[in-house]
Amino acid sequence: MPSPILISTKIAGFGLSSCLYNASGPLCSDADELHAIGISHAGAVLSKSATLQERQGNEEPRYVDTRWGSINSMGLPNQGYEFYARFSEQAKTYDKPYFMSVSGLSHDDNLHIIKEISGFENIAGIELNLSCPNVPGKPQTGYDFEQSRRLLEMVFTEVKQPLGVKLPPYFDMPHFEMMASVLNDFPISFVTCVNSIGNGLVVDPDLESVVIKPKHGFGGIGGDFIKPTALANVRQFYTLLDKSVSIIGCGGVKTGMDAFEHILCGASAVQIGTQFMREGTGCFERVANELTDIMRSKGYPDLESFRGKLKDI
Ligand code: ERO
């Protein structure tokens with residue numbers, strides 16, 4: 001009998017039976033969507049980023065899928081943090097950790113939300129989103145290193161649960177180092193790399209127009225387009241951050257091989273966004289099976305046997 005191949009992992013001290021789960025954003029905004037993830041093969045449930053109040057988000061069309069990936073300018077539609085905090089009561093029935101994404105529109109909003117949810121024992125951890133590209137007039141906090149530090153100083157005075165951050169993609173070597181030196185000054189549990197590449201533009205050449213309505217067509221790019229950028233960010237933060245920080249890979253994961261590459265670069269878990277939006281919850285089982293087959297064929301019994309072991313040539 002061949003020995004089992006394990007794709008289990010640990011994030012923020014919680015065990016996940018599968019290292020694959022949803023990215024915050026697609027199909028995780030209401031109770032039905034969160035329930036569907038809860039009863040699927042996903043290793044965890046992660047909520048849509050929550051603000052203080054419920055939001056309708058930007059005008060439609062605001063999400064378009066193309067052959068190579070997606071563009072979105074959702075504008076943070078969500079049900080408000082109280083809904084996602086209350087959902088933790090239901091989430092405890094799924095036998096997997098429930099993480100709540102928080103994306104307040106100001107530092108004070110973030111602080112308020114984090115204070116309020118600290119009493120909810122079934123929220124396993126908070127993914128603080130430093131990287132929403134789509135709220136008109138609001139810069140991405142993660143591109144301002146001083147503001148990021150300031151925000152983390154504030155939230156770490158209040159937070160009770162393990163806290164991680166969702167980062168925007170960086171493209172310049174000094175920027176990786178600057179963000180890593182901020183993060184290494186705090187007891188961060190995990191870092192999710194990356195959010196969508198902000199403010200891309202997809203053009204419809206037949207209509208000679210943009211494809212989404214908000215912000216004159218500018219929006220966050222996800223899917224195949226962004227895998228090399230996502231892998232670079234996973235690799236850099238895996239290299240630069242304290243080893244106590246788990247890296248969660250996100251970006252361009254469609255197959256088991258994509259997940260394998262993220263783990264090889266150092267990811268302890270892998271989130272699926274654009275492909276989850278296309279395929280629904282079935283993607284978690286399919287990608288898990290593909291990843292397991294790859295590991296079996298390479299002789300790796302578990303993630304730790306190859307995680308982070310990317311070789312130079
Ligand atoms: O527009 C959004 O709601 C949104 N889209 C993204 O690609 N990333 C986000 O982080 C985000 C909102 C927080």
Side-chain angles (χ1 to χ4, degrees), residues 20-65 69-94 96-105 109-110 112-114 116-117 120 122-136 138 164 166 192 194-196 198 212-215 219-223 248 250-251 253 271-284:
L20 303 163
Y21 64 104
N22 67 295
S24 177
L27 306 179
C28 56
S29 292
D30 65 31
D32 289 345
E33 291 172 345
L34 291 165
H35 177 68
I37 300 167
I39 60 170
S40 76
H41 280 76
V45 180
L46 173 59
S47 77
K48 171 69 183 166
S49 291
T51 50
L52 207 49
Q53 312 289 347
E54 182 180 354
R55 285 171 60 86
Q56 297 307 311
N58 294 339
E59 270 185 290
E60 303 206 25
R62 59 192 186 180
Y63 185 99
V64 167
D65 199 350
S70 58
I71 181 165
N72 87 83
S73 184
M74 304 300 289
L76 257 170
N78 78 94
Q79 309 214 23
Y81 81 90
E82 288 174 332
F83 168 81
Y84 299 104
R86 275 197 310 273
F87 188 81
S88 63
E89 272 304 299
Q90 179 168 338
K92 76 176 177 215
T93 63
Y94 300 136
K96 58 182 78 169
Y98 172 64
F99 294 103
M100 190 171 146
S101 171
V102 171
S103 189
L105 298 178
D109 283 7
N110 279 316
H112 181 96
I113 295 169
I114 284 169
E116 292 289 318
I117 66 181
F120 285 79
N122 297 308
I123 300 173
I126 297 167
E127 187 181 85
L128 179 62
N129 188 348
L130 301 182
S131 46
C132 179
N134 297 331
V135 181
K138 297 276 178 196
K166 172 102 172 250
T192 305
V194 294
N195 208 320
S196 56
I212 55 171
K213 195 166 178 71
K215 287 179 65 182
I221 306 295
I248 301 173
C250 182
V253 178
Q271 298 177 353
I272 308 179
T274 297
Q275 186 60 27
F276 171 41
M277 186 77 174
R278 288 181 185 137
E279 188 179 340
T281 53
C283 71
F284 301 115

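- For residues 40-57, there are no salt bridge (charged side-chain N to carboxylate O under 4.0 Å, His left out) pairs, not counting sequence neighbours.
- Here the shortest heavy-atom pairing between A23 and G273 reads CB-CA, 3.8 Å.
- Looking at heavy atoms from C-beta onward, N58 lies out of side-chain contact with Y63 at the 4.5 angstrom threshold.
- Nearest heavy-atom pair, G43 versus P97, reported as atom, atom and distance to 0.1 Å: O-CD, 3.6 Å.
- Rounding to the nearest 0.5 Å gives a distance of 12.0 Å between SG of C283 and CE of M277.
- K166 places none of its side-chain heavy atoms less than 4.5 Å from the side chain of S49.
- For the atom pair M74 CE and Q56 CD, the distance stands at 11.5 Å (nearest 0.5 Å).
- Judged purely by atom type and a 3.5 angstrom limit, S24 uses its side chain to pair as donor or acceptor with the backbone of S47.
- Residues L52 and I113 share a closest heavy-atom pair of N-CD1, 3.6 Å.
- Nearest heavy-atom pair across R278 and Q275 is NH1-OE1, 2.9 Å.
- In this structure, the side-chain hydrogen bond (donor to acceptor under 3.5 Å, both in side chains) partners of N195, at least two apart in sequence or on a different chain, are N129, S131.
- Within the structure, side-chain hydrogen bond (donor to acceptor under 3.5 Å, both in side chains) pairs that include any residue of residues 78-87 comprise T51-N78 (at least two apart or interchain).
- The backbone N or O of E89 lies less than 3.5 Å from no partner atom in the side chain of N122, so there is not a single donor-acceptor pair.
- Taking 4.5 Å as the limit, every side-chain heavy atom of P214 sits out of range of all side-chain heavy atoms of N134.
- Annotation: the span from Y98 atom OH to I37 atom CD1 amounts to 9.5 Å, rounded to 0.5 Å.
- Here the closest heavy-atom approach between residue T281 and residue A36 is recorded as CG2-O, 3.6 Å.
- In this structure Y21 satisfies the ring-ring contact (aromatic ring centres under 6.0 Å, His included) test with no other residue, sequence neighbours excluded.
- Residues that satisfy the salt bridge (Lys or Arg N to Asp or Glu O under 4.0 Å) test with E279, not counting sequence neighbours, are R286.
- For E116, the CD atom counts as densely surrounded, since its 6.0 Å shell holds more than 12 non-hydrogen atoms of other residues, nucleotides or ligands.
- Atoms CD1 and CE, from I126 and M100 in turn, are 7.5 Å apart once rounded to the nearest 0.5 Å.
- Nearest approach of Y94 to L34, heavy atoms of both residues: CE1-O, 4.4 Å.
- Using modelled atom types, one finds a donor on one side chain and an acceptor on the other under 3.5 Å when comparing E127 with T192.
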### Query
Are I248 and F99 close enough, and set up right, to give a side-chain contact (heavy atoms from CB on, under 4.5 Å), and what steps lead you there?
CA-CA 13 Å; I248 301 173; F99 294 103; over 6 Å; no

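- Using a 4.5 Å heavy-atom threshold, the side chains of L76 and L105 count as touching.
- Put simply, the side chain of K96 gets close to the backbone of G38: a donor and an acceptor are under 3.5 Å apart.
- In this structure, N110 and V102 have side chains that are in contact, with non-hydrogen atoms separated by less than 4.5 Å.
- Of the inter-residue distances, the one linking S40 atom OG with H35 atom NE2 reads 10.0 Å to the nearest 0.5 angstrom.
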For residues 25-32, tabulate all N or O donor-acceptor pairs below 3.5 Å that involve a side-chain atom, not counting sequence neighbours.
| unit_1 | atom_1 | unit_2 | atom_2 | d |
| --- | --- | --- | --- | --- |
| D30 | OD1 | D32 | N | 3.1 |
| D30 | OD1 | E33 | N | 2.9 |

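- Here CD1 of I71 is found 11.0 Å from OG1 of T274. Values are rounded to the nearest 0.5 Å.
- Taking 4.5 Å as the limit, every side-chain heavy atom of F276 sits out of range of all side-chain heavy atoms of V253.
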